Amino acid sequence: MVYGYTIDPHKIDPLVSIADEALEQFADATVPGAWLVDIIPALKYVPEWMPGTGWKQTGLKWRAKLMEAAGKPLKLAQNKIARGDRTKSFVTEFYDNSGDEISAEDEAALKWVSLSMYAGGADTVPMTLFPEVQLKAREEIDRVIGTGRLPTYTDKDNLPYVTAIVTEAARWHPVAPMGVPRATIADDVINGYFIPKGAVVLPNVWWFTHDPAVYPDPMKFNPSRYLGPNPAPDPTDFTFGYGRRICPGRHLATASIWLTVARSLAVFKISKGLDENGREIEPELGFSPGIISRVEPFKATIKPRSPQHEALICQVEKLHPWEESDVDELRKIVI
Ligand code: HEM
């Protein structure tokens with residue numbers, strides 16, 4: 001969608017790996033207070049040979065990965081355009097609208113906006129932890145859709161419980177639990193605390209979404225809180241940021257997560273992972289630190305609900321056959 005890049009469906013895809021790695025490094029780089037240079041910017045002038053400056057090497061390594069993640073897929077898309085392949089994507093649209101000659105400034109904007117779009121994403125809901133939620137969703141999907149087809153986005157209004165799962169996932173574990181840092185533009189006093197102009201402020205989104213006065217029993221994954229006559233406030237009003245820098249991908253993100261959740265719950269049974277003796281493993285809940293926080297990996301078992309559901313899954317591959325991947329061309333690009 002962003003670059004017109006076709007992944008390798010059968011192996012670990014290099015572009016997905018580069019983007020994942022760059023995103024993980026971004027999450028580590030933005031852990032508030034983890035890097036002294038963020039607090040004392042003058043430290044950036046300390047020469048690299050000085051003992052204790054390993055963070056400079058880390059920064060250079062991570063920068064190189066970020067440049068690779070931003071540069072390689074854009075170059076691939078530009079090569080395709082140069083060959084006359086204008087398969088619709090965000091990059092081809094940009095060139096269609098601006099003409100083929102773009103300024104260095106526009107190219108830099110295109111590069112970083114494309115990467116933000118590519119990297120923006122989310123983790124899925126840990127259904128293993130809340131089996132009753134899965135059962136309720138399945139009951140709703142079977143009743144409304146039946147078992148002969150997959151849900152589509154036009155079914156959304158008829159699947160309120162599935163929609164409530166997506167909303168509850170945004171609240172239960174916000175992807176950006178501390179939002180994105182801001183700097184104050186004037187001195188201010190809030191609740192007796194003096195906040196000087198230029199202070200870095202982190203919104204505590206985690207608290208907004210776990211305030212028990214607003215969301216009772218906040219660690220419980222309870223989609224029903226958004227249903228009925230007194231629904232809880234929609235957390236996506238603040239989990240995507242706010243003001244003029246609010247996430248521009250929020251509608252796309254919510255729609256694609258809704259489809260993923262609805263379709264996965266329609267066809268898969270998600271349960272606890274098993275150890276080598278076949279006993280169930282109780283998942284341990286952990287969240288990674290940083291601006292972008294993920295649920296730490298845990299074992300789960302994901303199986304088609306029945307042979308009929310398996311046929312539905314296989315049908316997708318027939319309706320939308322895999323296209324030839326761009327991996328070989330991507331590998332040849334050096335940034
Ligand atoms: C669950 C998925 C997502 C979440 C939770 C999320 C959340 C956020 C948050 C909290 C911000 C910071 C807003 C602020 O500064 O107040 C942001 C910014 C941004 N997001 Fe998302 N996002 C998601 C998906 C996406 C997707 C799919 C795209 C692109 C297609 C995207 C593109 C962007 C961009 C470009 C910005 C920077 C906007 C700016 O600084 O002006 N995001 N996002």
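When a ligand or atom number is given, it counts from 1 through the structure's own listing order. What you see is a predicted model; the values in this text were computed from it and never measured. Residue numbers start at 1 and run along the sequence shown. Any value given below was found using the heavy atoms of this structure, including those in side chains, with hydrogens, waters and symmetry copies removed.
Nearest to atom 9 (C) of ligand 1 by heavy atom, out of W112, F240, F90, F238, is F240. Among H251, R250, R182, M1, the residue whose heavy atom lies closest to atom 16 (O) of ligand 1 is R182.
A donor-acceptor pair under 3.5 Å is formed between the side chain of R171 and the backbone N or O of T209. At distances below 3.5 Å, not a single donor-acceptor pair connects side-chain atoms of S293 with backbone N or O atoms of A176.
Within the structure, ligand 1 has P248 among the residues with a heavy atom less than 4.0 angstrom away. Residue contacts with ligand 1: I257 is included, with a non-hydrogen atom under 4.0 Å away.
Looking at T239 against ligand 1, only its backbone comes within 4.0 Å, counting heavy atoms. Residue-level proximity to ligand 1 for L252 is carried by the side chain, the only part with a heavy atom below 4.0 angstrom.
For ligand 1, the polar-atom distance check against R244 finds no nitrogen or oxygen pair separated by under 3.5 Å. Checking only distances, R245 does come within under 3.5 Å of ligand 1, N or O to N or O.
Classification of the F90-F94 ring pair by plane angle, with boundaries at 30° and 60°, yields tilted. Ring planes of H173 and F287: parallel class, angle under 30° (limits at 30 and 60°).
Within the structure, every pair that satisfies the ring-ring contact (aromatic ring centres under 6.0 Å, His included) test and touches residues 242-273, not counting sequence neighbours, is listed here: Y153-W258.
Near Y242, the atoms of ligand 1 lying under 4.0 angstrom from a non-hydrogen atom of the residue are 16 (O).
Here the side chains of D187 and P196 are in contact, with some heavy-atom distance below 4.5 Å.
Here L274 is tied to no hydrophobic group at all, with no ILVMFWY side chain closer than 4.5 Å.
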